[in-house]
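Read the structure below first, then the notes.
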Amino acid sequence: MKLIVQIPCYNEEHTLPQTVRDIPRSIPRIDNVEILIIDDGSTDRKLSVARELGVDIIVNADGDNQYSGWDIPDLIQPILDGTADLVVGGRKTGDVGIFLP
């Protein structure tokens, strides 16, 4: 079984390394421990610190095959390119406006 530890952060670049270090990497009956950092609108270096700590990108999918697995590389590409912190896909994207900062 996999354990994902979700950590919401708002301008916590200085405390994040200790928080991540304190998470046990070996827990009985858990095969893998992963860490997910949630950006709560930080303006500090938290994202850079999180990347240095090796945190993960997570993709949320639906059990009805809402997104094809083949689309995942395209979905995460803006994150890998550093042009987005969050990417959202949807079934009816033509029905909503697009907001770009």
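Everything quoted here is computed from the prediction, not taken from an experiment.
Atom CD of residue E12 and atom CZ of residue R45 lie 15.0 Å apart, to the nearest 0.5 angstrom. Going from atom CG of L80 over to atom OG1 of T83 covers 9.5 Å, rounded to the nearest 0.5 Å. The structure places CG of N32 at 12.5 Å from CE of M1, a figure rounded to the nearest 0.5 Å. Put simply, CD on E13 and CD on E52 are 9.5 Å apart, with the number rounded to the nearest 0.5 Å.
Between the side chain of Q77 and the backbone N or O of L75, no donor-acceptor pair lies under 3.5 Å. Between the N11 side chain and the T43 main chain, a donor and an acceptor come within less than 3.5 Å of each other.
The shortest heavy-atom contact between V49 and P17 is CG1-CG, 3.9 Å. When all heavy atoms of V33 and R25 are compared, the pair lying nearest together is CG2-O, 3.8 Å. Nearest heavy-atom pair across C9 and I37 is SG-CG2, 3.9 Å.
Residues I7 and I30 share a single hydrophobic cluster, defined by chaining ILVMFWY side chains whose heavy atoms lie under 4.5 Å apart. Under a hydrophobic clustering in which Ile, Leu, Val, Met, Phe, Trp and Tyr are joined whenever their side-chain heavy atoms come within less than 4.5 Å, directly or via other members, V20 and I27 fall into the same cluster.
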